[in-house]
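Residue numbers run from 1 in the order of the sequence given. The figures here come from the full heavy-atom set of this structure, side chains too, leaving out hydrogens, waters and symmetry mates. Each ligand, and each atom within it, is numbered from 1 in the order the structure gives.
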Amino acid sequence: MAKAKTIYYCQNCGTQSATWVGKCRNCGQWNTYVEEVIQSTSNGNKPLSAVQSQPVRINEIDSSRSQHRINAGIEEINRVLGGGIVPGSIILLGGEPGIGKSTLLLQLALSLKSSMSVLYVSGEESDIQLKMRADRLQQTNENCYIVNETNTQNIFQHIETLHPQLIIIDSIQTLQTNVIESSAGSISQIRETTSELQRFAKLSSTPIFLIGHITKDGSLAGPKVLEHIVDVVLQFEGDRNYGHRLVRAVKNRFGSVSELGIFEMRQEGLREINNPSEILISQHAEDVNGIAIAVTIEGLRPFFIETQSLVSPSVYGNPQRSSTGFDLRRLNMLLAVLEKKCGLKLNAKDVFLNITGGIHVDDPAADLAVVISILSSLFDVSVDPKSCFAGEIGLSGEIRPVSRIEQRILEAKKLGFKRIYISSFNPNNVNVNGIEIIKIAKIEKILTSLFPE
Ligand code: TYD
Ligand code: MG
């Protein structure tokens with residue numbers, strides 16, 4: 001019998017210590033250390049690490065050997081992954097419970113071309129439950145196998161007999177390896193089972209999807225450890241009150257991390273949304289105050305989002321500022337610029353800002369629309385719904401140019417907008433017919449032109 005060793009792990013960041021400590025010296029969290037028993041068996045990683053490796057010159061590596069990416073059968077997933085699934089990659093899909101992780105990956109397993117075999121390893125739901133879900137999704141793949149298993153050694157046996165071309169693990173927190181004694185979901189189990197899977201993926205060129213739970217504060221449970229090992233980290237997010245769901249790449253060794261995949265959760269599973277602006281711009285009567293449309297870009301796609309503001313006299317001495325889907329500090333900065341440059345008395349007003357659709361915007365191009373919606377609410381003057389805005393606002397009130405303006409203008413024209421407000425500092429060669437392009441240099445200018453008193 002091999003000797004058992006006890007190590008204390010911080011469940012937040014994965015730091016290890018020989019003794020228990022109250023406060024983690026790495027991440028500063030209190031009371032996160034948990035004792036874990038590691039069975040140091042002599043045959044731990046032997047079978048795989050015994051493979052003979054040979055250093056090769058990079059120029060001598062045959063690039064024709066690189067396999068093509070696998071079509072996931074779901075366009076939004078292909079895009080987020082940077083053009084499909086890379087063989088041998090490990091893709092972690094994280095998200096809150098109930099957001100639809102299992103649904104998404106089962107849908108992926110069923111929508112792959114029927115010649116591709118998939119092994120769906122479920123540690124959370126029974127085969128009957130998965131079958132019921134598959135029936136709801138109304139898709140079939142006769143080479144999709146389901147197994148209820150949590151022990152990695154057993155899983156590898158199933159893999160050996162089935163030779164699946166894609167593996168889905170639901171979820172990594174339920175897996176357990178014989179090498180380690182601690183309970184499933186602990187840091188050392190997560191690290192060890194993921195490494196075992198990773199070694200297998202690299203050796204066999206089989207892509208593996210892992211489902212990971214996230215903790216209350218929004219980070220992946222057993223987090224950093226996992227993020228280092230895997231190739232791609234996808235975050236599945238969405239507002240419970242809305243039907244749509246976003247898949248975002250947080251880390252991607254094979255593509256950009258700025259892409260966003262959008263779905264709508266329906267009775268019969270997730271539907272891809274190819275034109276996101278359709279769900280993000282709400283329909284309303286013409287003269288509603290406090291609304292402006294921003295032309296933002298997420299990844300490669302332009303996005304039209306609606307910014308809504310409510311500015312009202314503050315009842316208490318301390319004015320409230322609240323923001324949903326937009327950085328609150330940035331909102332405060334924009335309000336300060338409006339006070340200083342336009343002479344508006346906003347310090348006696350409550351300001352509420354909302355980005356519709358439960359979306360969070362990071363693109364600074366949304367600044368201009370945010371400011372316009374605030375002014376619209378402040379003056380009780382509506383903005384023409386056929387106008388849209390793309391501009392970043394600097395500290396001195398200047399409207400700064402934003403990236404890929406031509407793409408934004410073309411998209412605005414396509415969606416039937418009549419006018420787009422952009423920065424005067426954008427290069428002059430922007431030339432699109434069929435839409436009025438209004439260039440402005442300073443925030444004071446737009447105040448007088450849109451809201452004449
Ligand atoms: P699920 O995939 O089980 O979430 P996770 O694996 O992330 O915990 O999704 C559960 C939710 O999805 C559940 O609340 C019901 C909803 N849902 C639908 O609305 N339509 C469907 O077709 C399916 C399968 C699920
Ligand atoms: Mg699930």
Side-chain angles (χ1 to χ4, degrees), residues 72-77 80-81 90-112 118-141 144-152 155 166-176 184-185 189-190 193-194 197 208-223 226-227 230 232-250 260-273 279 357-360:
I74 301 178
E75 251 332 291
E76 298 288 290
I77 292 291
V80 174
L81 291 177
I90 297 234
I91 300 155
L92 173 68
L93 177 71
E96 283 178 29
I99 197 88
K101 301 179 294 297
S102 309
T103 309
L104 179 65
L105 290 190
L106 184 63
Q107 211 163 323
L108 184 136
L110 299 179
S111 54
L112 282 167
V118 185
L119 178 64
Y120 190 111
V121 181
S122 178
E124 301 200 336
E125 285 155 297
S126 69
D127 42 1
I128 309 287
Q129 285 171 315
L130 282 161
K131 172 70 178 140
M132 279 163 57
R133 178 170 297 161
D135 289 343
R136 266 175 90 170
L137 301 177
Q138 295 167 353
Q139 279 171 309
T140 51
N141 172 1
C144 176
Y145 295 86
I146 305 282
V147 64
N148 275 116
E149 184 57 70
T150 54
N151 182 292
T152 50
I155 292 172
L166 185 114
I167 299 166
I168 294 171
I169 307 282
D170 186 0
S171 65
I172 188 68
Q173 276 91 356
T174 59
L175 289 197
Q176 232 172 340
Q189 280 290 3
I190 291 179
T193 49
T194 315
L197 290 167
I208 303 183
F209 275 92
L210 305 177
I211 288 181
H213 295 284
I214 59 173
T215 54
K216 277 193 286 279
D217 62 354
S219 58
L220 280 153
L226 210 53
E227 286 182 24
V230 301
V232 181
V233 181
L234 301 180
Q235 194 108 306
F236 202 22
E237 48 193 62
D239 200 308
R240 260 169 214 281
N241 304 323
Y242 297 91
H244 42 265
R245 304 275 185 269
L246 310 177
V247 179
R248 203 187 280 279
V250 186
L260 200 60
I262 305 190
F263 296 91
E264 185 184 9
M265 182 59 100
R266 292 230 175 159
Q267 204 52 37
E268 63 287 341
L270 292 154
R271 179 179 78 101
E272 296 180 60
I273 307 263
I279 55 161
I359 288 245
H360 188 97

*Short N-O contact, Asp135 and Lys131, less than 4.0 angstrom*: yes
Examine the side chains of Thr174 and Glu124 and answer whether a donor and an acceptor come within less than 3.5 Å of each other. no
Sorted by chain and residue number, the residues having a heavy atom closer than 4.0 Å to an atom of ligand 1 are Glu96, Pro97, Gly98, Ile99, Gly100, Lys101, Ser102, Thr103, Arg133, Arg136, Met265, Arg266, Gln267, Glu268, Gly269
CD (Glu125) and CZ (Arg133) are apart, to the nearest 0.5 Å, by 4.5 Å
Hits for side-chain hydrogen bond (donor to acceptor under 3.5 Å, both in side chains) against Glu272, two or more places apart or cross-chain, chain-then-number order -> none
task = Examine distances only and state if a side-chain atom of Asn141 and a backbone atom of Ala109 form a donor-acceptor pair shorter than 3.5 Å.
result = yes
Is there an N/O/S atom in Ser102 that lies less than 2.8 Å from the Mg ion (ligand 2)?
yes
### Task
Answer yes or no: is there a donor N or O on one side and an acceptor on the other, between the side chain of Arg245 and the main chain of Met265, under 3.5 Å?
no
